[in-house]
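Scroll down for the structure; my scribbles are underneath it.
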Amino acid sequence: MHPILTSRTRLLAYLILWVPLGGLLAGLAMMQGWSRLEAVALAVPMAVMGAGIYLSPFYLCKVVSVENQSHQNLFIIWGFAAIVDAGFWSGTAWGVARLLGRFDALHALPQKITPALPVLWSLGIVLYLASAAFYYLLIALQRAQKAEAEHLQLRMLAQEAELKALRAQLNPHFLFNSLNSISALTSVDSKRAREMCLLLSDFLRKSLGLGERRQVALREELDLVRAYLSIEQIRFGERLKVAWDIAPEAEAALVPTLLLQPLVENAIKHGISALPEGGVLRLQATIQKGTVTFTVDNPANRDAPLKPGLGLGLRQVRQRLWGRYPDRCRFESGYEEGRHRVVLTFPLETEP
Amino acid sequence: MSKDTFTALIVDDEELARGLVREHLQSHPEIVILAECANGFEAVKAASEQKPDLLFLDIQMPKLDGFEVLELISGPGPGGGAEWQPATVFITAFDQHAIKAFEAHAVDYLLKPFSEVRFEEALAKAKAKCIAGQFSVPRPSDLSAAARGSWPLERLVVRDGSKVTFISLDKLDYVQAQDDYVELKTEGRSYLKQQTLSSLENQLDPKRFLRVHRSFILPLDRLTRLEQGLTDSWTAILRDGTKLPVSRSGYAKLKELIG
């Protein structure tokens with residue numbers, strides 16, 4: 001489709017462009033000694049005609065690509081097209097002038113147009129080539145935009161795939177250990193065994209349900225985290241204490257689905273479970289000047305040998321955050337005084 | 001040798017998981033539970049002091065994992081007898097590398113959650129092993145090497161009595177063979193560990209550590225230069241001035257690595 005004809009604003013801008021061009025034609029004519037009436041009478045239909053004719057190089061631009069043709073071919077094709085098109089334009093000028101000559105006030109037009117024809121023709125050629133260059137530029141821009149859109153589309157698809165993978169990637173170590181806890185509880189405390197069964201199914205259902213969506217309210221993501229931590233608290237007993245500090249206004253903030261859950265799993269796997277005495281896991285969400293800050297802070301033994309997977313889990317979270325909010329987010333991770341801390345900062349968006 | 005009672009140690013960092021093993025053992029009056037340990041340090045202390053017959057050992061634990069625990073408690077038996085090791089039943093929830101290691105070395109293990117039947121089976125096997133007094137178990141260091149998979153060794157653990165010391169490989173100056181032991185030199189101190197030099201050599205990254213002699217392994221970054229002695233023999237000079245002999249094959253390997 002023609003890029004100018006498909007958009008109303010572009011068409012309007014294009015037509016407005018022809019007003020000064022028409023003015024230029026009239027000015028040139030008056031410099032040749034034409035009367036104002038004669039100049040305007042011819043310039044107006046010429047501008048209208050030109051606006052129509054000079055839409056056409058676009059189609060030739062589409063067919064004749066700059067990349068595939070030799071310079072010589074380009075020169076011949078465009079030269080020929082420009083001469084023919086401009087010839088047609090100046091030819092119609094001559095016809096219009098003859099028609100207008102029938103009016104008394106414009107009777108001199110047919111004589112005056114003849115010496116002006118070479119000038120009109122050359123002007124037409126220049127206009128034709130300029131518009132061709134303009135269309136080439138437009139096509140290149142369109143192509144770049146399309147590539148960008150495709151890239152975005154691809155990235156979204158990749159993110160969705162990643163999300164699906166995340167959902168499927170239920171931590172087997174966690175699952176089997178939880179089942180083992182249930183197995184242990186059935187004979188000693190059947191009530192708690194049932195409670196743990198329910199917590200585990202609640203967690204599974206929530207994580208399967210969340211995975212269907214690209215983003216969720218922080219409240220929902222934290223519900224999942226809560227279900228997860230209640231199970232881990234049964235497993236770890238006194239070793240796991242959780243301190244929640246979630247600002248009420250942060251609960252509605254939208255977050256990419258399953259972005260925070262891996263951070264908490266990480267804090268358990270590499271923090272609490274690696275310490276015989278365990279400790280306090282702190283979760284904090286605050287809102288300041290339109291940005292959400294989420295902090296996971298856990299005791300950690302820095303000297304413990306690195307377990308496989310620490311870098312990977314955090315890297316995935318960072319990539320997803322960057323993919324979702326390019327240039328508008330921050331990811332910090334580091335050790336300080338026996339604790340490991342991850343801080344995420346991203347723009348506040350809420351459900352409509 | 002017939003046995004009426006078996007002493008046992010239960011090692012798991014989760015209280016509920018220990019409880020489950022304890023519960024299964026309740027129907028066996030012949031088993032005496034000596035202690036339950038919540039982490040590797042406790043396990044090493046209890047096992048080296050009390051020398052249990054049976055060991056129920058979780059793999060994933062804070063500080064020291066199950067493999068490191070076994071590595072540290074294996075050694076001369078009660079009264080300085082021959083090689084001693086408790087009959088061990090490994091327990092793990094999900095660890096592909098560990099399972100591969102068990103399969104490769106034909107060691108019995110339990111996967112959490114386990115059935116009573118499966119537990120009884122493992123217990124019977126462990127008891128039989130204990131009675132026969134023969135441990136077909138591989139050297140613990142080999143088992144832990146197999147379980148680590150492609151994850152490189154970062155530290156060595158040594159035990160003196162019930163005190164456990166970690167030696168970071170970055171701080172290891174060199175290693176010298178001493179009969180059945182290796183002597184680890186680090187920061188001006190030396191530690192003895194019951195392991196052969198060859199088995200340690202296999203655990204170390206060959207790009208960082210080189211066995212330059214039948215009795216020596218040195219970290220390549222500690223080496224400053226080589227001195228040629230009389231009769232085609234070479235001496236390695238380390239950063240701190242220590243001189244170590246280099247064998248002919250050690251010299252050839254060095255030349256290949258450093259050029």
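Naming: A, B, ... by sequence-line order, numbering from 1 per chain.
- More than 12 heavy atoms of other residues, nucleotides or ligands lie within 6.0 Å of NZ in B/Lys112, so this atom counts as buried by the packing criterion.
- At a 4.5 Å heavy-atom cutoff, the contact between B/Phe114 and chain A is made by backbone and side-chain atoms alike.
- Note that OG1 of B/Thr92 and CZ of A/Phe176 are 10.5 Å apart. Values are rounded to the nearest 0.5 Å.
- Counting non-hydrogen atoms of neighbouring residues, nucleotides and ligands closer than 6.0 angstrom, the CZ atom of A/Arg205 reaches no more than 12 such neighbours.
- Taking CD of B/Gln60 as the reference point, atom NZ of A/Lys269 lies at 9.5 Å (rounded to 0.5 Å).
- Within 6.0 Å of CZ on A/Arg330 lie no more than 12 heavy atoms contributed by other residues, nucleotides or ligands.
- Atom CG of B/Asp160 has 12 or fewer heavy atoms from other residues, nucleotides or ligands within 6.0 Å.
- Contact check for A/Asn180 versus B/Glu14: no side-chain heavy atoms found under the 4.5 Å cut-off.
- Summarising the geometry, atom CD1 belonging to A/Ile234 is positioned 8.0 Å from atom CG belonging to B/Leu16; distances are rounded to the nearest 0.5 Å.
- Of residues 18-40 of chain B, those residues lying under 4.5 Å from chain A by any heavy-atom pair are B/Leu20, B/Glu23, B/Asn39.
- Crowding of B/Gln50 atom CD: a count of heavy atoms from other residues, nucleotides or ligands under 6.0 Å exceeding 12.
- Atom CZ of A/Arg194 has 12 or fewer neighbouring heavy atoms from other residues, nucleotides or ligands inside a 6.0 Å radius.
- Heavy atoms of A/Ile272 lying under 4.5 Å from chain B are absent altogether.
- Dense packing is recorded around NZ of A/Lys241, with more than 12 heavy atoms of other residues, nucleotides or ligands lying under 6.0 Å away.
- A/Asn177 is not listed as a side-chain neighbour of B/Phe94, based on a closest heavy-atom distance of 4.5 Å or more.
- Closest approach of B/Pro113 and A/Ser183 over heavy atoms only: CB-CB, 4.2 Å.
- Of the two parts of A/Leu179, the backbone and the side chain both hold a non-hydrogen atom closer than 4.5 Å to a non-hydrogen atom of chain B.
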